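From a predicted model like this one, the values you see are computed outputs, not experimental measurements.
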Amino acid sequence: MEREKTFISIYIEAYRNSAQWMIDHPEEAASLAVKYAIDGKDEKRNLQIIQLRNASSVSPLTEEKGLGTLDGNVLQQAADTYKQLGLIKNDINMAEVVTNELLPKQ
């Protein structure tokens, strides 16, 4: 189990580093997407998508606790809304399924 946690922690750290790079270099990321992304042939559109993704990745919580931190309260609101809209049938208790324990330490 410890080996799996280590692997997951390394993966999360790499993913967080790549997300931070994209936040710091959106124009370069948009340009690279033209070459490497299956659906990224329009650089201007890529930049717009990257800017939206970047904006949705940061919050006061991520400023405090680091990029990738999950806000269980926001996720719970989303789950409750999905249920109210009929998109899901069962209640979801996000406190039971969301954790930040595997995030690399700041």
(message) Going by side-chain contact (heavy atoms from CB on, under 4.5 Å), Leu70 matches just one of Asn100, Thr62, Leu61. Which one?
(response) Asn100
(request) Indicate if Leu102 and Tyr11 have the same hydrophobic cluster label, given that clusters are the connected sets of ILVMFWY residues with side-chain heavy-atom separations under 4.5 angstrom. (result) yes
(message) If the condition is salt bridge (charged side-chain N to carboxylate O under 4.0 Å, His left out), which residues does Lys83 pass it with, not counting sequence neighbours?
(response) Asp91
(message) I need the Ile49 CD1 to Lys44 NZ distance, nearest 0.5 Å.
(response) 13.0 Å
(message) Do Ile88 and Leu75 sit in one hydrophobic cluster, given that two such residues count as connected whenever their side-chain heavy atoms are within less than 4.5 Å of each other, even indirectly?
(response) yes
(request) Please check if Met22 and Tyr15 belong to a single hydrophobic cluster, counting links between Ile, Leu, Val, Met, Phe, Trp and Tyr side chain heavy atoms closer than 4.5 Å. (result) no
(request) Measure the spacing between CZ of Arg53 and CG of Asn46 and express it to the nearest 0.5 Å. (result) 9.5 Å
(request) Considering non-hydrogen atoms only, spot the tightest contact between Gly72 and Met94 and give its length. (result) O-CB, 4.1 Å
(message) Quick check: is Ile92 connected to Leu85 through a chain of hydrophobic side chains (ILVMFWY, heavy atoms under 4.5 Å apart)?
(response) yes
(message) Strictly distance-based, threshold 3.5 Å: is any side-chain N or O of Ser31 a donor or acceptor partner for the main-chain N or O of Glu27?
(response) no
(message) For a 4.5 angstrom cut-off between non-hydrogen side-chain atoms, does Asp71 reach Ser59?
(response) no
(message) Within this structure, what is the CG-OG distance for the pair Leu52 and Ser57, rounded to the nearest 0.5 Å?
(response) 10.5 Å
(request) To the nearest 0.5 angstrom, please state how far the CD atom of Glu63 sits from the OG1 atom of Thr69. (result) 10.5 Å
(request) To the nearest 0.5 Å, tell me how far Arg45 CZ sits from Ile50 CD1. (result) 11.5 Å
(request) Can you sort out the partners of Asn90 under side chain to side chain donor-acceptor pair (under 3.5 Å), two or more places apart, ordered by chain and number? (result) none
(message) Once rounded to the nearest 0.5 Å, what's the spacing between atom CD of Glu13 and atom CG of Leu103?
(response) 10.0 Å
(message) Would a single hydrophobic cluster contain both Ile8 and Val97, if residues Ile, Leu, Val, Met, Phe, Trp and Tyr are joined by side-chain heavy-atom contacts under 4.5 Å?
(response) no
(message) Do Gln76 and Asn93 make a side-chain contact, defined as non-hydrogen atoms from C-beta onward lying under 4.5 Å apart?
(response) yes
(request) Not counting sequence neighbours, which residues clear salt bridge (charged side-chain N to carboxylate O under 4.0 Å, His left out) with Asp24? List them please. (result) none
